[in-house]
Amino acid sequence: MLIKKIIMVSLYLLASVSYCYARTDVLFDSQKTRDHYRWMEVEQNHTAQWLKLRTKQSRKTIDALPWREAAESQLNAFISAEGTLSDIYDAGESRFYLRTTPEFPYLRLFVKQKSSSEQLIIDPPVGSGIHFFSPSHDGRYVAYGLSENGAEITSIKILDVRSGKRFDDVIPRVRYPNIVWRPDNRSFFYTRLPSVKINDLVSERLAGEKVYLHHIGQNYKNDATVFDSHMVSGPNANNYDDVALYVSPDSDWLLASISPSISGYSRSIFAVRAEALNGRKTPWMKIIDGKENVSDFVFSGKWLYLARYNLSSGYLVTRLDLGKPHTAEEKVLEWSNGELTGFTISGDALYITYHDSGTNKFVRVPFVNINHVQNVPRPFDGEVTALFSGIDRRGILFTLQGWTSPPRIFHYDPDNSSVENTNLIEPKSYSFSDYEVEEKWVMSKDQVRVPLTIIHRRGMRLDGSAPTWLSAYGAYGSSTFPNFDPSRLIWLRNGGIIAIAHVRGGGELGPAWHEGGRGSNKENSITDFIQCAEYLVSHGYTKPARLAISGESAGGIIIGMAMVQRPQLFAAAAIDVGILNTSRLDQIPIGPMNFEEFGSPSTEPGRRELRKIDAYNNLQDGVHYPAVILTVGLNDARVSPWQTAKFAARLEEIALREKKPNPVLILAENNSGHSPSTYAEADAKFLDIMSFFIWRTADDASSISVP
């Protein structure tokens, strides 16, 4: 009864605030549909206040759930029992890496030299995290950036590793700096955004990146521009494209690329001899056009290795002589129906990880004989999720993990084809041995088979009684391949099922899989997801009253539209920093970057497509929607928080007219952006969502106990 009273009071307060600000004179674009919550887009201070008020009310509901504290204790037990290690870079005689420990459950930067103990060199202050780091080739210096309160735009700072001295150099307005050190170890190339102008639109603040050259000890304002899209494409260049520069210690060539900032595979590649570098007068030569479908590349010496997608929804890997760019490329490797997941080089070989028609592969291609493709042994059947290599080393480190197999870092020695566990990651104190993974294929409405991953206890009876958590992302060609997450154990131990729908729009089955859920095809992502949900019900895994769904960011489109189209199929939905009002895509910071992915509101066909996938504008009066929890960071520089606020306000306006409404909860985090600023915030968000799902999928919530 206490929970029910809290919910009803929350609904009443929300309605009061919402109608207080409703503007009935605002219309939705060219449609004759009134958008009563358009004020939230322009009156952002009021929107933030509204979100904070709703968070305070929702927090009471979540904190009143009796198993929230027990779940937190269980998660803390996982965290306290282990640490993590990632982002390994070997430079000179030094190895740099990020590590968390039970005592310090946040990322800190360490360096370790041979025959010496590790040294902590960057310990970010409270509220900040390490956004990026890049050591010089000799390991003497490291350039790094800290993210404060989840902010994506930060500054480059430089540390002398030997002395611990921090230089006065501070380079502002970097998002993804793409730092590349030169052979002199005293200078590096990097990418920087222009200064913010007073009248800039929010989207324009993420446009106009340029590549600069910085010398340690100099003022960044004197850094020379060495590459931008206008230098090679003229005045019609796309200001939202990403630009980056690349070097290889064993090559006298410099390469630069222009690629779509968010959506799309293909990039243009330009080359110049290193000695010809001359600021804006650098004679860049185009060697790969953006229409040639090249999505990734690496180079060593005179050879450029290219990965381009092919007509069979796989990839073709070739190599090109940089000194003879107009000669025919040599074929290295080709496959069908699968994504390229890793592409790097060592001192003597190319290493590639990829999926070929549902089978994951890991191969080595020696430079001396590119026709001799060698399979790299894997100690267990898992996904290679990271490659750590260096042009001055023959061997390679790689991370291997699975849905129920914890990550381990192995060293591969090509001289004897041996693979050894480095023990850089300590063994886990818990086990997934009681659980199994099923990989299913679900037939979508247009007779396309959709992959569905299902994780559950071994021997579970399929009687439709299991609480099931189904998630999806399905955008930008991003793939959800096997990854280990100990937090899933809490849900699984309570008799639950974890399911992941690999819908079109992702990249699991190659570039064509992305295209199948992109632009005018975006509705396929939603249909695929709904079919996966129906499969779980029809095959006895669960039932609608026990089925919860979740997605984040672009995945919010799928979850929002699934609950709009099939409200009776789901018990609860969670949407984190979601895109929920696609018709207003041009009004969020990353909007213009997303036009190719979802459609452009500047054209009538584009507006129609965006309207079809607009969860906010497709909500209807008189419909009983499932319970919803919406999470958002108030410092989100990608998807504006008002997208969440408008959706929540409209949902509760509808629910207010019902006799037995489902709850709509909002949790806004003051110090987060598009992603949580700390591990602690990420853990808290997970616990809130899981506690909400346990509540809404239980027949008798009072009987639930989390181990």
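Start at 1 with the first residue, then count along the sequence. Please read these numbers as outputs of a predicted model, since none were measured by experiment.
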- Query: How many angstroms lie between OG in S672 and CG in L667, if you round to the nearest 0.5 Å?
  - Reply: 11.5 Å
- Query: Does any donor atom in the side chain of D614 or N581 lie under 3.5 Å from an acceptor atom in the other side chain?
  - Reply: yes
- For T341, the side chain to side chain donor-acceptor pair (under 3.5 Å) test, sequence neighbours excluded, returns T353
- Taking H137 for its side chain and G92 for its backbone only, find out whether a donor-acceptor pair lies under 3.5 Å. no
- Item | Sequence-distant partners of F189, ring-ring contact (aromatic ring centres under 6.0 Å, His included), two or more places apart | none
- Task: Would you mind checking if E209 and R192 are paired as a salt bridge, meaning a charged N to carboxylate O distance below 4.0 Å?
- Result: no
- Look at K197 together with E204 and state whether they make a salt bridge at an N to O cut-off of under 4.0 Å. no
- Query: Are any non-hydrogen side-chain atoms of P105 and T100 less than 4.5 angstrom apart?
  - Reply: no
- Kindly say whether A668 contributes a backbone atom to a donor-acceptor pair with the side chain of T55 at under 3.5 angstrom? yes
- Item | Considering all heavy atoms, the nearest N238-S229 contact | O-OG, 3.9 Å
- Is there a side-chain contact between T344 and F388, using heavy atoms and a 4.5 Å cut-off? no
- Residues S550 and S471: side-chain donor-acceptor under 3.5 angstrom: no
- Item | S136 (side chain) donor-acceptor with Y141 (main chain) under 3.5 angstrom | yes
- Would a distance-only check, ignoring hydrogens and angles, find a side-chain to backbone donor-acceptor pair under 3.5 Å from D636 to P641? no
- Item | Distance-only donor-acceptor check, side chains N594 and Y240, under 3.5 Å | no
- Message: Donor-acceptor check, side chain of W181 to backbone of S134, threshold 3.5 angstrom: yes or no?
- Response: yes
- Task: Determine whether the side chains of T399 and T385 contain a donor N or O and an acceptor N or O closer than 3.5 Å.
- Result: no
- Item | Salt-bridge criterion met for K685 and E669 (N-O under 4.0 Å) | no
- Query: Backbone N or O of I88 within a donor-acceptor pair of the D90 side chain at under 3.5 Å?
  - Reply: no
- Please answer whether the main-chain N or O of T61 pairs with a side-chain N or O of D63 as donor and acceptor at a distance below 3.5 Å. no
- Are side-chain heavy atoms of E43 and N45 found at a separation under 4.5 Å? no
- Taking side chain as C-beta onward, heavy atoms only, is F647 less than 4.5 Å from L630? yes
- Hey, are R95 and E118 close enough for a salt bridge, meaning a charged N less than 4.0 Å from a carboxylate O? no
- Short question: side chain of Q643, backbone of L580 - any donor-acceptor pair under 3.5 Å? yes
- Message: Could you check whether any side-chain heavy atom of M40 comes within less than 4.5 Å of a side-chain heavy atom of H46, counting everything from C-beta outward?
- Response: no
- Sequence-distant partners of F297, ring-ring contact (aromatic ring centres under 6.0 Å, His included), two or more places apart: Y246
- State the OH-OG1 distance between Y176 and T154, to the nearest 0.5 angstrom. 12.5 Å
- Query: Hey, do the aromatic rings of Y212 and Y190 have their centres closer than 6.0 Å?
  - Reply: yes
- Under 3.5 Å: donor-acceptor pair, side chain of W67, backbone of S691: yes
- What residues form a ring-ring contact (aromatic ring centres under 6.0 Å, His included) with Y89, not counting sequence neighbours? F133
- Which salt bridge (Lys or Arg N to Asp or Glu O under 4.0 Å) pairs, counting each pair once, include a residue from residues 160-169, with sequence neighbours left out? R140-D160
- Query: Looking only at side chains, do S187 and H214 share a donor and an acceptor under 3.5 Å apart?
  - Reply: no
- Message: Please check: side-chain N/O of K52 versus main-chain N/O of K56, any donor-acceptor pairing under 3.5 Å?
- Response: no
- Inter-residue atom distance I689.CD1 - I694.CD1, 0.5 Å rounding: 12.5 Å
- Query: Side-chain contact, heavy-atom cut-off 4.5 Å: R584 with E41?
  - Reply: yes
- Going by atom types only, do S128 and E148 share a side-chain donor-acceptor pair under 3.5 Å? no
- Query: Going by distance alone, is a donor N or O of one side chain under 3.5 Å from an acceptor N or O of the other, for N239 and H230?
  - Reply: yes
- Message: Is the terminal nitrogen or CZ of R108 (NZ for Lys, CZ for Arg) located under 6.0 angstrom from the six-membered ring centre of F104 and within 45° of that ring's axis?
- Response: yes
- Message: Consider side chain to side chain donor-acceptor pair (under 3.5 Å). Of T582, D35, T644, which one does Y616 pass it with?
- Response: D35
- Pairwise side-chain contact, F188 with I158, heavy-atom cut-off 4.5 Å (strictly under): yes
- Query: Does one side chain, of H674 or E552, offer a donor that lies under 3.5 Å from an acceptor on the other?
  - Reply: no
- Task: Please examine the side chains of I588 and W642, heavy atoms only from C-beta on, and report whether any two atoms are closer than 4.5 Å.
- Result: yes
- For T191 and V174, work out which heavy atoms get closest and say how close. O-CG1, 3.5 Å
- Considering residues at least two apart in sequence or located in another chain, which fulfil the ring-ring contact (aromatic ring centres under 6.0 Å, His included) criterion with F692? W695
- Message: Pair R267, D241 - check salt bridge (charged side-chain N to carboxylate O under 4.0 Å, His left out), show working.
- Response: CA-CA 10 Å; R267 63 177 69 198; D241 282 342; over 6 Å; no
